[in-house]
Structure formats: C-alpha cells, structure tokens
There are 2 protein chains.
Amino acid sequence: MAELETRERILETALELIWQSNYNSVGVNEICKQTGVSKGAFYHHFESKASLFCEATRYYWTAIKHDLDAIFSPLNTPIQQLENLIAFLLTAKLGDKDADEIHGCPFFTAGAQIGIDEKEVQIALRDISEKAIQYDFALVKALQAGDYLVDKEDPELLARLIYQFIHGVMSFSQLCGDTDYSRQDMPRGLYRLIGLKREFWFATTPTWKIGA
Amino acid sequence: MAELETRERILETALELIWQSNYNSVGVNEICKQTGVSKGAFYHHFESKASLFCEATRYYWTAIKHDLDAIFSPLNTPIQQLENLIAFLLTAKLGDKDADEIHGCPFFTAGAQIGIDEKEVQIALRDISEKAIQYDFALVKALQAGDYLVDKEDPELLARLIYQFIHGVMSFSQLCGDTDYSRQDMPRGLYRLIGLKREFWFATTPTWKIGA
DNA sequence: CAATATACATACCGATCGGTTTGTATGTCA
DNA sequence: TGACATACAAACCGATCGGTATGTATATTG
C-alpha cells in the first residue's frame with residue numbers, strides 16, 4: 001500500500017511540475033526531490049522519464065474523466081454543460097489551492113510544450129487530446145439538437161475549433177501571466193466560435209464545482 | 001561583413017531549430033553545429049543563449065514586419081487583408097522550402113514552449129505578441145468600419161481572440177503533425193470568431209505571397 | 001612595419017541530465 | 001527461523017548542458 005501511495009505521489013508531483021514549466025526542463029531529480037523520494041524509488045516504479053509522463057497523462061485522464069462526465073452529465077442541459085466546461089477551464093488546477101495562477105489543463109498546455117523528440121510522449125498527448133475532443137463533439141451535437149446555435153456547422157469541425165481555441169487561451173494566459181483576459185476571453189470566444197445564440201450567453205450558473 | 005553574416009546565420013539557424021522543437025531542448029552546441037560555426041563564434045556574437053533568443057525574436061520581427069505590412073496594406077480591402085493573413089499563416093515557414101510541415105510562426109509556437117524560467121525570454125515573447133495583436137486590432141476595426149461583421153463586438157477583445165485562436169491552431173497542428181486540419185480550421189475558426197458576414201467567407205484570393 | 005582590435009577555433013570547465021548499481025530495511029511465506 | 005521478494009536509499013555513471021579560457025589568423029590603424 002505504501003507502494004501505491006509513493007507511485008501516485010510521484011505521478012501527481014510530476015504532472016504538477018511539468019505543466020508548470022515543461023517536460024524538457026523538469027528533471028527526474030527535481031521530481032524526486034519535490035516528491036520526497038529517492039531516485040531509486042523513482043526507477044523502481046517507472047522505467048523511464050518518458051514512460052512516467054505517459055502513465056501520468058493516463059493517470060490524470062482517469063482523474064479528470066470524473067469531472068468531465070459530471071460536467072457533461074445528461075442531467076445537465078447543453079447550456080449548463082457549456083457553462084460547466086467554462087467554469088472548469090477557468091478554475092481547474094491540480095486538486096489543491098484557492099487562487100490566482102492558472103497552470104491550466106495539461107491536455108491543453110503540455111501539448112504545446114513538448115518538443116518533436118520523445119515520440120511516445122507525443123502519442124500519449126495526442127491520444128488524450130482526441131479523447132477530450134470527443135467530449136466537445138458530443139456537446140456540439142447536443143447544442144445543435146437543442147437548437148441553441150445560429151447555424152448548422154459541421155460538429156466535428158466545431159469540436160476541433162473549440163479544443164484549439166481553449167488550447168490557445170490557456171497558453172496565452174500562461175505566457176502573459178494574466179488570468180483576467182482568460183476569464184473574459186474564454187467564454188466569449190467559445191460562444192462566438194460555436195455560434196451560440198445570443199439569448200443563451202452567460203445564461204446559467206454552472207452546476208459543476210471543483211472536485212465535486 | 002563576415003561578422004554580420006555569421007551573426008545572422010546563427011540567428012536564423014537558432015530560430016529554425018528552436019521552433020521546430022523547443023527552447024529548452026535545443027542546445028548551443030547544436031545551433032553552432034548546424035550553423036557551421038564554433039562555440040567561440042557563438043559567444044563572440046551573443047552573451048548567452050537567452051539573449052540570443054531575445055535578439056532572434058527581434059530579428060524575426062523585423063523580417064516578418066515587412067510581410068505583415070504588406071498583408072495589412074491600406075491598398076487592400078479589409079477582406080483581402082484577412083485572406084492574406086490566413087494565407088500567410090498557412091504557408092509561412094522560414095523563408096525556404098516548398099511543402100508540407102508547418103512549424104509555424106514562432107510568436108505562436110515558441111510562447112507555448114517556453115517555461116516559466118528565463119524571464120527575459122518570456123518578456124521578449126510577450127512584447128512580440130503584443131505587437132502582433134496590434135495588427136489584428138487594426139484589422140478588426142477596419143472590418144467593423146466596412147460593415148463586414150455581423151455584430152459590433154469590442155475590437156480589442158476580438159483582436160485577442162484572433163491571436164489566441166491562431167496560437168491554438170498552430171500548436172495543435174504541431175502536436176498532430178497534420179496540416180490538413182489547420183488549413184480547414186484556420187479560416188473557418190477566424191470567420192466565426194470575428195463574426196464575418198457569410199457572403200464574405202472565402203471571398204477573395206489573397207494578394208499576399210511568400211517573400212513578396 | 002609594429003600595435004592593436006576583430007573574428008573566430010579549440011579545448012576545457014563545473015553542473016546537471018537521465019539512468020544504473022549496489023546496499024538494506026521490511027515485509028511475506030514455507 | 002531461514003529464504004526470498006518488495007520498496008526503497010545512496011552513490012555513482014557517461015553524456016551533455018551552458019559557458020569560459022586561451023590561442024590564432026586576419027584586418028585595421030598609427
């Protein structure tokens with residue numbers, strides 16, 4: 001049981017450190033030091049840094065999937081789902097804390113921070129991106145079915161646009177260190193991209209809360 | 001004169017290498033080897049790797065500014081300016097070559113690849129981002145003045161949205177290694193974000209060409 | 001022509017990288 | 001109680017990192 005705990009502690013520390021800066025600039029030593037374990041422990045649980053990150057993304061996906069399923073619960077109206085998504089994006093950090101700095105959802109930030117090298121890492125990120133886009137896809141179809149949108153654009157296209165826009169806003173906020181823009185730009189950009197009818201803009205209060 | 005040439009060759013090589021992968025994973029040694037100069041030459045011209053990158057961004061900005069001024073020339077209609085921008089984003093590499101891989105505009109990719117460390121690099125990127133957004137801002141105002149848009153959204157907001165969206169698309173295409181999506185998503189996303197009236201979608205052929 | 005500055009090349013530095021090896025404390029099981 | 005596996009800790013490895021120290025060939029200047 002101590003095994004599992006150490007392993008998960010390493011995974012969480014690694015994720016936190018990596019998407020605060022990036023994959024290349026965070027060393028195994030730092031991960032170990034922050035976690036409070038030795039290098040022997042690290043390589044007892046993971047066979048390489050790359051495979052650690054791959055497992056970490058999968059680990060994070062399982063953690064976040066609960067949030068996503070709650071956000072996009074069929075009990076919520078499509079509009080509520082959208083509002084939930086926005087609230088999630090603007091507040092989601094890693095479990096802890098209360099305030100300022102967005103370091104964002106790793107799906108959206110890490111992808112941009114990875115170099116071309118380390119193929120298996122790139123693949124892991126692509127996989128997780130595709131899964132995330134699936135959620136956007138379902139949301140768009142629901143919005144279309146509910147007649148919330150001003151036009152009938154290809155939902156696959158819209159799902160990609162949503163993902164890419166979110167990705168851009170997240171990266172921008174990290175670059176600028178300013179979250180005020182994000183809080184303003186994220187919802188407005190999404191509404192415009194999706195083509196949400198004006199009467200639904202900021203229509204509801206989110207049903208989703210952190211860690212609920 | 002040999003001085004200037006060597007210096008510029010290092011700048012160009014560095015930019016190319018860095019935004020093909022990222023700042024942290026490209027070493028000074030590799031930059032030197034690719035440029036075909038020694039490390040002595042490198043540190044004769046630049047006092048550090050970080051300051052090299054800062055100068056490289058400024059260098060690239062002066063190079064790209066000509067393109068941007070041509071793209072947004074007052075001789076072009078606002079629609080032509082927009083189409084030019086899209087053509088530019090989809091074709092711009094670094095001077096050379098003919099085909100496939102987007103490695104994108106460094107303003108949009110490098111920002112995401114930089115870690116939190118190396119403050120001066122971050123500042124250089126932020127500066128260049130702000131300049132780029134100014135062009136978007138002017139474009140939006142021209143489009144509004146010409147009654148090309150379906151609504152009168154805050155032009156500053158739209159300028160940021162444009163920049164962030166472009167940033168996201170560029171990063172996404174790098175992550176996926178697929179440019180087909182970008183070619184489709186870039187214009188459609190921009191049209192929707194901006195709120196361009198439908199009759200102007202894909203209205204003109206760009207007046208801008210690479211290196212013109 | 002001597003003196004000096006420029007523009008590099010070569011060799012090297014300590015620090016840090018991802019990863020390995022070895023040792024050991026603590027189980028678990030026969 | 002002895003045998004073996006698990007879960008680490010500590011020390012160490014070659015490679016590579018950004019950066020420096022030193023040497024030299026060439027151009028410029030007095």
Side-chain angles (χ1 to χ4, degrees), chain A residues 1-57 59 110 113-122 124, chain B residues 1-57 59 110 113-122 124:
Chain A
M1 79 191 73
E3 178 197 356
L4 278 178
E5 217 200 76
T6 298
R7 184 186 170 82
E8 290 188 2
R9 272 170 51 222
I10 294 176
L11 285 172
E12 287 178 10
T13 307
L15 278 178
E16 197 161 356
L17 288 177
I18 285 174
W19 74 66
Q20 265 173 11
S21 60
N22 77 56
Y23 178 80
N24 292 300
S25 66
V26 173
V28 173
N29 285 318
E30 195 184 344
I31 294 173
C32 291
K33 201 168 69 182
Q34 284 287 330
T35 313
V37 300
S38 69
K39 224 147 163 204
F42 182 98
Y43 281 99
H44 171 72
H45 291 287
F46 306 99
E47 67 173 22
S48 72
K49 184 192 173 189
S51 84
L52 155 80
F53 184 76
C54 292
E55 293 196 41
T57 59
Y59 170 80
Q113 294 170 349
I114 293 295
I116 311 288
D117 23 69
E118 224 75 74
K119 272 282 189 301
E120 69 176 305
V121 171
Q122 201 176 353
Chain B
M1 80 190 74
E3 179 199 353
L4 278 178
E5 217 201 75
T6 299
R7 185 187 168 81
E8 291 188 2
R9 271 169 51 222
I10 294 175
L11 285 171
E12 287 179 9
T13 307
L15 278 178
E16 196 160 358
L17 288 177
I18 286 173
W19 74 67
Q20 266 172 11
S21 58
N22 77 57
Y23 177 80
N24 291 299
S25 64
V26 172
V28 173
N29 286 318
E30 194 185 345
I31 294 173
C32 292
K33 202 167 69 179
Q34 284 286 329
T35 314
V37 299
S38 69
K39 220 147 163 203
F42 182 98
Y43 281 98
H44 172 70
H45 290 288
F46 306 99
E47 68 173 23
S48 73
K49 184 192 173 189
S51 83
L52 155 80
F53 184 75
C54 293
E55 293 197 41
T57 59
Y59 171 79
Q113 293 169 349
I114 295 293
I116 311 290
D117 23 70
E118 225 74 76
K119 272 282 189 299
E120 71 176 302
V121 171
Q122 202 177 352

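Below, read A as the first sequence line, B as the second, and so on, with proteins coming before strands; counting in each chain starts at 1.
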[N], OP1 or OP2 - any side-chain N/O from [X] closer than 4.0 Å?
X	N	answer
His45(A)	dC8(D)	yes
Thr6(A)	dC8(D)	yes
His44(B)	dA9(C)	no

Using every non-hydrogen atom in the two residues, find where [X] and [Y] come nearest and quote the distance to one decimal.
X	Y	answer
Glu55(B)	Leu11(B)	C-CD2, 4.0 Å
His45(B)	Arg7(B)	O-NH1, 3.2 Å
Glu120(A)	Cys54(A)	O-SG, 3.5 Å
Ile18(A)	Val26(A)	CA-CG2, 4.0 Å

At under 4.0 Å between heavy atoms, which parts of nucleotides 16-26 of chain C does protein reach? Answer with one letter per nucleotide, 5' to 3': B base, S sugar-phosphate only, - none. -SBBB------

Polar atoms only, N or O, under 3.5 Å: list the protein pairs with nucleotides 23-28 of chain D and their distances.
none

So how far is it from Gln34(B) CD to Glu12(B) CD, rounded to the nearest 0.5 Å? 13.5 Å

If you measure from OG1 on Thr35(A) to CG on Leu17(A), what distance do you get to the nearest 0.5 Å? 7.0 Å

Just jot down the side chain to side chain contact (heavy atoms under 4.5 Å, CB included) partners of Phe42(A), sequence neighbours excluded, or say none. Ile10(A), Val28(A), Ile31(A), Cys32(A), Phe46(A), Leu52(A)

Between dT10(C) (C1') and Lys33(B) (NZ): distance, integer Å: 16 Å

Decide yes or no for Lys49(A) and Tyr23(A): does some side-chain heavy atom of the first lie under 4.5 Å from some side-chain heavy atom of the second? yes

